[in-house]
Amino acid sequence: MMKIEKKDIGLFVAQVAVWTVILFALPLATFLSTQDLHSTRTSFFVAWGLFQSPLIVYFANFYLLGPYLFFKRRYWLFVLCNLVLILGLNSQFFLLYYHRSNIPNLPAMNSTMWIGFFSGFLMFLVLNCVMAAIAIGIRHFMRIRQIKQQLKDEKAKNTEAELAWLKNQINPHFLFNTLNNISSLTQIDPDAAQDAIAQLSDLLRYAMYETNKKMVPIGGEVEFMRNYIELMKLRCNEKTEVKTTFDIQKDVEIAPLLFISLVENAFKHGVSSSRDSMIDIHLEQKDNCIVFTCDNTNYPKDDADRSGSGIGLENTRRRLELMYHDRYEWKQALNGDIYHVKITIII
């Protein structure tokens with residue numbers, strides 16, 4: 001059974017209103033010019049005689065022949081039904097000729113009368129065909145709009161599902177690496193490990209309960225990164241220098257956990273226990289832009305170290321494309337032994 005929605009009722013009412021205006025335009029003009037009810041009534045019946053057939057053809061094509069025949073590609077049946085409908089509605093031409101032939105003492109129709117007869121019939125035939133074409137055209141336009149809206153809604157649903165999946169990829173990835181750091185710390189300094197667990201608890205609380213929205217205040221993200229960096233610094237020795245700068249003028253909103261994979265990547269690939277290491281993380285707001293930069297020494301992992309799989313970076317770029325399409329810029333480069341990444345987002 002076809003489901004009738006509120007917009008369908010509104011569309012039907014609008015079409016009835018348009019046809020009402022067409023039918024009553026001539027009678028109203030007659031009444032305003034003559035102030036005669038008899039003439040007004042006559043003009044109404046004239047208008048009804050002219051537009052009765054086009055009105056029926058229009059609604060028949062809009063609600064029946066179009067949806068059930070034309071748009072299901074039953075074109076021959078569509079043409080046949082319209083032909084029968086139009087001829088049936090304009091049968092008065094044939095009836096008029098039949099009744100005229102039975103009236104005695106009427107002169108035979110000459111060429112001029114035949115031309116007038118067929119001209120009138122042809123005019124009504126064309127008018128009805130035009131009404132059928134208009135009905136199909138409006139239906140087609142509505143179908144195109146509906147299909148485009150459905151595709152847009154489907155794309156939005158797919159985008160939201162993909163964003164949720166990418167976000168779920170970030171959290172376990174981050175948790176896995178952090179637990180490894182704390183596990184190593186328990187053998188060296190149990191008290192520090194206990195403090196680190198408390199910090200991790202705060203971080204997970206933010207990741208689980210504060211990032212469920214599409215956008216979050218950047219102040220919360222900054223605090224999250226500060227805590228994360230402090231936690232990651234526990235695994236670093238005196239050979240590693242970590243510098244951070246956060247310069248946010250106002251609390252704008254941003255996608256949650258957007259930069260954490262880059263910070264994580266800097267600690268994974270930028271720290272060596274035996275060589276001098278450097279990590280420099282910078283986040284600032286410039287006018288209507290958020291600029292994140294990260295520079296770190298580059299110590300590539302060997303094939304046996306699976307922590308450098310690059311999942312985090314791929315997810316970050318994909319999230320940027322989904323949420324800030326045409327509003328972000330990604331730059332990365334390897335200058336000597338320094339890896340540089342810069343993300344600029346227009347907010």
Side-chain angles (χ1 to χ4, degrees), residues 166-167 169-171 173-178 180-181 199 203 206-207 211 216-249 252-273 275-287 289-301 305 307-324 327-347:
L166 291 171
K167 195 171 164 186
Q169 291 293 310
I170 291 174
N171 292 340
H173 191 51
F174 154 72
L175 178 62
F176 173 77
N177 287 279
T178 305
N180 278 343
N181 296 337
Q199 285 183 301
L203 293 177
Y206 176 84
T211 62
V216 296
I218 197 171
E221 287 293 296
V222 169
E223 188 63 24
F224 180 85
M225 282 192 288
R226 287 184 192 273
N227 292 334
Y228 179 83
I229 291 169
E230 290 301 316
L231 189 61
M232 296 298 289
K233 285 167 64 176
L234 295 175
R235 63 174 289 189
C236 302
N237 57 28
E238 65 279 358
K239 291 182 176 292
T240 301
E241 179 185 13
V242 179
K243 295 189 295 183
T244 58
T245 304
F246 297 99
D247 185 13
I248 302 298
Q249 301 298 325
V252 298
E253 291 192 333
I254 197 169
L257 304 179
L258 189 59
F259 304 120
I260 197 63
S261 291
L262 299 173
V263 176
E264 179 186 24
N265 189 70
F267 278 95
K268 284 193 301 183
H269 299 280
V271 175
S272 172
S273 60
R275 290 181 284 179
D276 291 337
S277 306
M278 179 276 294
I279 297 175
D280 187 1
I281 297 170
H282 190 87
L283 180 65
E284 65 176 337
Q285 179 183 347
K286 293 182 178 179
D287 298 328
C289 294
I290 294 294
V291 181
F292 174 88
T293 59
C294 182
D295 294 274
N296 58 269
T297 46
N298 184 51
Y299 298 115
K301 306 299 182 182
D305 190 341
S307 65
S309 59
I311 295 176
L313 290 179
E314 292 176 7
N315 285 352
T316 300
R317 297 202 67 166
R318 184 58 181 156
R319 291 185 70 202
L320 283 168
E321 182 63 25
L322 289 172
M323 301 195 71
Y324 297 100
R327 293 194 295 126
Y328 81 95
E329 183 181 33
W330 173 293
K331 293 182 179 179
Q332 65 180 26
L334 184 60
N335 302 318
D337 61 347
I338 301 297
Y339 175 78
H340 169 80
V341 61
K342 179 180 180 181
I343 298 174
T344 304
I345 300 174
I346 300 175
I347 54 177

Sequence neighbours left out, what passes side chain to side chain donor-acceptor pair (under 3.5 Å) with Glu321? Give chain and number order.
His325, Tyr328
Of all heavy-atom pairs linking Ser272 and Ser277, the shortest is N-OG, 2.9 Å
For Ile346 and Cys289, which heavy atoms make the closest approach, and how far apart are they?
CG1-SG, 4.0 Å
Return the set of residues passing ring-ring contact (aromatic ring centres under 6.0 Å, His included) with Phe259 (not counting sequence neighbours), or none when no residue passes.
Phe292
ring-ring contact (aromatic ring centres under 6.0 Å, His included) partners of Tyr339, counting only residues at least two apart
none
Do Ile345 and Leu258 touch side chain to side chain, with heavy atoms closer than 4.5 Å?
yes
Roughly how far apart are Ile290 CD1 and Ile254 CD1, rounded to 0.5 Å?
5.5 Å
If I take atom CG from residue Asp247 and atom CG from residue Leu283, how far apart are they, to the nearest 0.5 angstrom?
9.0 Å
Rounded to the nearest 0.5 Å, how far does CG of Leu322 lie from CZ of Arg317?
13.0 Å
Passing option when Ile279 is tested against Asp295, Thr297, Ile229, Val271 for side-chain contact (heavy atoms from CB on, under 4.5 Å)
Val271
Closest heavy-atom pair and its distance - Lys239, Arg275
CB-O, 3.7 Å
Check ring-ring contact (aromatic ring centres under 6.0 Å, His included) between Tyr324 and all other residues, then give those that pass, not counting sequence neighbours.
none
To the nearest 0.5 angstrom, please state how far the CG atom of Leu320 sits from the CZ atom of Arg327.
10.5 Å
Name the atoms and distances for all side-chain donor-acceptor pairs under 3.5 Å in residues 217-227, with sequence neighbours left out.
from	atom 1	to	atom 2	distance (Å)
Glu221	OE1	Leu257	N	2.7
Glu221	OE2	Tyr206	OH	2.6
Glu221	OE2	Leu257	N	3.3
Asn227	ND2	Glu223	O	3.3

Give the minimum heavy-atom separation between Asp280 and Met278, together with the two atoms involved.
N-SD, 3.7 Å
Could you list all the salt bridge (Lys or Arg N to Asp or Glu O under 4.0 Å) pairs where at least one residue sits in residues 331-347, not counting sequence neighbours?
Glu329-Lys331
Straight-line distance of Met232 CE to Glu264 CD, nearest 0.5 Å
6.5 Å
If you round to the nearest 0.5 Å, how far is CD of Gln332 from CD1 of Ile343?
9.5 Å
Are more than 12 heavy atoms from other residues, nucleotides or ligands located less than 6.0 Å from atom CG of Asn237?
yes
